[in-house]
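Report on one structure; see the data block that follows.
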Number of protein chains: 2
Amino acid sequence: MWETLHDISMPRPKSGTILRARTPSGQSVSLKSLAEHLGLSQAAVSLVINRAPGAKSIPQRTQELIRKAARELNYRPNHLARSLRQQRSYTIGVVVPEISEGYAALVMSGIEDHLLQEGYFYFVVSHRHRDELIEEYPLLLQQRAVEGLIAVDTAITGAAEVPLVAVSGHREVPGVTNIVLDHARAAALAMEHLTKLGHREISFIKGQAFSSDTAIRWESVRAAAEALGVTIKDGLVGQLEGESSSPELGYHVTKKLIASGEPFTALFAFNDISAIGAIQALREAGRQIPQDVSVVGFDDIQSAAFQNPALTTVRQPLREMGMLAAETLLRRIAAPPEAPYPKEIVVQPELICRASTAAARNPT
Amino acid sequence: MWETLHDISMPRPKSGTILRARTPSGQSVSLKSLAEHLGLSQAAVSLVINRAPGAKSIPQRTQELIRKAARELNYRPNHLARSLRQQRSYTIGVVVPEISEGYAALVMSGIEDHLLQEGYFYFVVSHRHRDELIEEYPLLLQQRAVEGLIAVDTAITGAAEVPLVAVSGHREVPGVTNIVLDHARAAALAMEHLTKLGHREISFIKGQAFSSDTAIRWESVRAAAEALGVTIKDGLVGQLEGESSSPELGYHVTKKLIASGEPFTALFAFNDISAIGAIQALREAGRQIPQDVSVVGFDDIQSAAFQNPALTTVRQPLREMGMLAAETLLRRIAAPPEAPYPKEIVVQPELICRASTAAARNPT
DNA sequence: AACAGCCAATAAATCGGTTTAGTATCCTAC
DNA sequence: GTAGGATACTAAACCGATTTATTGGCTGTT
């Protein structure tokens, strides 16, 4: 497969394929045929249809005739030809780890909202954490003339010749605008909530090594804990392992935490998915949620609210982050190449208190 | 906004933007510059790079020189120019109701898997059930020269001039290949499961009117019930209402069903999302799952397995359906336009028995 | 010496638009 | 009577590739 991706040659077509819309008579409506039909030049028709400044000198009467004909013959300009000539494709590329994950899907939903409103379309590619794809896809997208890239939870390695906006991705890469959560505040929100409820023995589940938020989240949690005068014991720190995004990962880590014998009354998970798995594991060990152990998730994915018990979680405004990414990217595309651009845009988390947290049973 | 979508004119560029990758010297590497660098014609370079039959007469020595230079200058052919000339865009369009829904996301994941392997890219658009968008998007996509369309859970209204494959969409539209679930079997699986457990008073939640599976699913359930000698009382049939895809919809319908006073010992929901809402409502009414009421969902989305209790559900092979759709579409694109094509491809459901169903307490 | 045939390429058309520079006609003012 | 300017367009270049038809040089044969 990578032979094909790296290969710049074109696959030999197996057979000619009809691409354009055709009139009932079987002919495609091109600018040329439209111009012939009108007895005018392509230039005149193009100017009028695009309401270009150069159409000023063409009388209203003629303009109307042209537009009428275009409508009647159902003329639709070929976007490929346009893009080629104008060096503007009105297309951007979105790189995600995996489409079917709630996280990426929500961000994409925000991206789409803004992009389509502005007349842009986008390509999506998912790399599934494979390095060769993370490197190759941005190049392939640029070959397809995207005007910019959005990387979701992905550290782009190859150099991008177009503006790049990262959602929860990089740290301080030149040329990249980062949309990031205020991690310090996110950690503080959760930890304050738990300590106020009287918890002191708190367990934390770190993300997988490949996830771009893993390091900063753990650092923030540790700092927040310290500021509140509690320490997270080494034995109470777990780490998600494995590629999949199923709750199973959280389930396994939690099993291990329980098996270690170190007691805890609260658990803060890397994300909602793993929190769900953790709850499963705790239940199997005979602990009730939230009476015996309080559990806090992260992200606020849709099903968090409909867990039993409903999950207390730190909400990331994922849809808004997507919209913000798209907005920022289009702004950067419109600006001259040397213009300054924001290095970082910080968004705020929100603590969503539901039923998976409660006062600690035996506050110390 | 729709003004813009319908308008075939081009937005006036605010400023020229750099589109192509550039060498360190600032010049983009085009076929022309590569040919000049080599002292050869563009034709020769193109033939060699594409390993075209016409390159037979060019000696190995020269071919190697050309490829070496291409590699060193990091030449990447402009896909736009290629597509325009060849009338092949290697791009398809995917139309979904809403990206962030688990259903569409899973199907897309399957689509992507197959497409990218075959060197295709795809545009995604989501219409959010708005008729004008359902009509307009396929046209916009065709204007962007897509070679085919995949519609997910969407009945395309406008005529498509390119091959179209629908996942759970149409019924018998000329030119369309349908990928559909064996609904009769799906309904039978669930209803047999429930009746074997002794349930006779079964409630069913229908989908929203706009969902393409709503009618057939209800019809199949009714038929399956009849075949098993049970009838679903009118008072026990609810219907999801509202655009959103949150469990709340299922919650509200179920509240109504409970309020109606008609007793039931089992509930079969239109999808997993609504089943989750239904469970919430039943619990609030003091019914235990599955002791008092058994609940069956539909789809088997990821979080179904990690509900409490884990959801018994009818699994749709969504990822496989996506792959199948992509595969079928590419096959149709490669075939001559008049070639016969499959009207329907049926996939099989699977009953996933988990913990939300149990024997009826008072079998009649 | 003439012709065929092969080799190693190239010139030029093409895809379907956009855009610049220009032309032909008419009107008006001096 | 004609310079100047507006009006109403058009011819042709251009975007960056692919592809067909053609060219010139060389070798070998009769």
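Residue numbers start from 1 in every chain, and the chains themselves are labelled A, B, ... in the order their sequence lines are given, proteins ahead of strands. Because the structure is predicted, anything quoted here is derived from the model rather than measured.
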To the nearest Å, give me how far apart [atom1] ([X]) and [atom2] ([N]) are.
X         : N       : atom1 : atom2 : result
Gln42(B)  : dA12(C) : CD    : P     : 13 Å
Arg76(B)  : dA17(D) : CZ    : P     : 13 Å
Leu31(B)  : dC15(D) : CG    : P     : 13 Å
Lys32(A)  : dT10(D) : NZ    : C1'   : 16 Å
His79(A)  : dC15(D) : NE2   : C1'   : 15 Å
Leu84(B)  : dC15(C) : CG    : C1'   : 4 Å
Arg85(A)  : dA17(D) : CZ    : P     : 15 Å
Gln143(A) : dC15(D) : CD    : P     : 19 Å

> What pairs with His114(B) under ring-ring contact (aromatic ring centres under 6.0 Å, His included), at least two apart in sequence or on another chain?
Replying inline: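 Counting only residues at least two positions away or on another chain, His114(B) forms no ring-ring contact (aromatic ring centres under 6.0 Å, His included).
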>> Please enumerate all residues that pass salt bridge (charged side-chain N to carboxylate O under 4.0 Å, His left out) together with Arg85(A), with sequence neighbours excluded.
In response: none
For [X] and [N], is the shortest distance between a side-chain N/O and OP1 or OP2 below 4.0 Å?
X        : N       : answer
Arg82(A) : dT18(C) : yes
Asn50(A) : dT18(C) : yes
Gln86(A) : dT19(C) : yes

Which nucleotide in [options] has an atom nearest any side-chain atom of [X]:
X        : options                   : result
Ser46(B) : dG16(D), dT18(C), dT19(D) : dT19(D)
Ala43(A) : dG16(D), dA11(D), dG16(C) : dA11(D)
Gln87(A) : dT18(D), dA13(D), dG16(D) : dG16(D)

> Quick one: does NZ or CZ of Arg71(B) land under 6.0 Å from the six-membered ring centre of Tyr75(B), within 45 degrees of the ring axis?
Replying inline: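 No; the conditions do not both hold, so Arg71(B) does not lie above the ring face of Tyr75(B).
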> Which heavy atom of Ala339(B) sits nearest a heavy atom of Ala335(B), and at what distance?
Replying inline: CB-CB, 4.0 Å
> side-chain contact (heavy atoms from CB on, under 4.5 Å) with Pro97(A): which residues, sequence neighbours excluded?
Replying inline: His127(A), His129(A), Asp153(A), Thr154(A)
Output one line per pair: protein atom, nucleotide atom from nucleotides 4-9 of chain C, and distance, for all N/O pairs under 3.5 Å.
unit_1	atom_1	unit_2	atom_2	d
dA8(C)	OP2	Ser57(B)	O	3.2
dA8(C)	N7	Ser57(B)	OG	3.4
dA9(C)	OP2	Thr62(B)	OG1	2.9

> What pairs with Glu135(B) under side chain to side chain donor-acceptor pair (under 3.5 Å), at least two apart in sequence or on another chain?
Replying inline: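 By the side chain to side chain donor-acceptor pair (under 3.5 Å) rule, Glu135(B) matches no residue at all.
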> Got a sec, which residues hit side chain to side chain donor-acceptor pair (under 3.5 Å) with Gln42(A), two or more places apart in sequence or on another chain?
Replying inline: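 Side chain to side chain donor-acceptor pair (under 3.5 Å) list for Gln42(A), sorted by chain: empty.
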